[in-house]
Amino acid sequence: MSFSQFQFHPNIESGIRDLGYTSPTPIQLQSIPIILQNRDLMGLAQTGTGKTAAFVLPILQRLTAPSRKRIRALIVAPTRELAEQIHQDIQDLGRHTKTRSVTIYGGVGKGSQIGGLRLGAEIAVACPGRLLDLMEQGVVDLSHVEVLVLDEADRMFDMGFLPDIRKIIKRIPAER
Ligand code: AMP
């Protein structure tokens, strides 16, 4: 099995090649076709099995269609370390695309995150608390979100983020 079966944009295939991935992992094989069909999906796989690329690659594919500088994919993660890791994977896999990603999490100044949002990005990787904070300040517009990912959803719920996630979901389009 190779990545060519998914018919990703050549710029995305170049990113995959640069990282040295030769064949999709099981979670990628099972989930990428479903996400490419714009269907909802719940996936369960251990860390280290390639689950980040399983959602990042179809998101990059969707975002090759023009409509730039507004957030079209929102990835919510429980910790800033995970958010940074996902952001890095997006940058690596999307290095030949024009898609931009920003991170939003607490424990650091808001200035550079607000600056990044003002410059415009199509993907936001966010922890719930700071995201709600910036939404309340009116600096994050989620009204164009087409794709929502809850990464490590089970852990987020264990950590008590469910009320925050409900508030976030209320602010994104119902059709996603
Ligand atoms: P993850 O489960 O998303 O944390 O990914 C674990 C590691 O596997 C990361 O270092 C990825 O860069 C790598 N990886 C993801 N997909 C593949 C693949 N198809 N082939 C080889 N390595 C991969």
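Ligands are counted one by one from 1 in listed order, and the atoms in each one are counted from 1 as well.
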Picking from R130, R80, E84, what satisfies side-chain hydrogen bond (donor to acceptor under 3.5 Å, both in side chains) with Y105? E84
Record the part of A45 in heavy-atom contact with ligand 1 below 4.0 Å; permitted values are side chain, backbone, both and neither. neither
How does F55 reach ligand 1, if at all, at less than 4.0 Å between non-hydrogen atoms: by side chain, backbone, both, or neither? neither
Any idea which protein heavy atom is nearest [atom], and the distance to it?
| atom | answer |
| --- | --- |
| atom 2 (O) of ligand 1 | G50 N, 2.7 Å |
| atom 16 (N) of ligand 1 | Q28 NE2, 2.8 Å |
| atom 3 (O) of ligand 1 | T52 OG1, 2.7 Å |
| atom 6 (C) of ligand 1 | G48 CA, 3.5 Å |
| atom 9 (C) of ligand 1 | Y21 OH, 4.6 Å |

Checking [Y] against [X]: is there a side-chain donor and acceptor pair closer than 3.5 Å?
| X | Y | value |
| --- | --- | --- |
| Q28 | Y21 | no |
| Q88 | D92 | yes |
| H87 | S101 | yes |

If you measure from the Lys or Arg side-chain nitrogens to the Asp or Glu carboxylate oxygens, is any gap between E122 and R72 under 4.0 Å? no
Exercise check, heavy-atom protein proximity under 4.0 Å to atom 19 (N) of ligand 1: yes
Please check if the number of heavy atoms outside Q7 that lie under 6.0 Å from its CD is greater than 12. no
Crowded around R176 CZ? As in, over 12 foreign heavy atoms under 6.0 Å? yes
Enumerated ligand 1 atoms positioned under 4.0 Å from heavy atoms of [X]:
| X | value |
| --- | --- |
| F3 | 19 (N) |
| S23 | 18 (C), 19 (N), 20 (N) |
| T49 | 2 (O) |

Is there side-chain contact between L119 and V102, with at least one heavy-atom pair below 4.5 Å? no
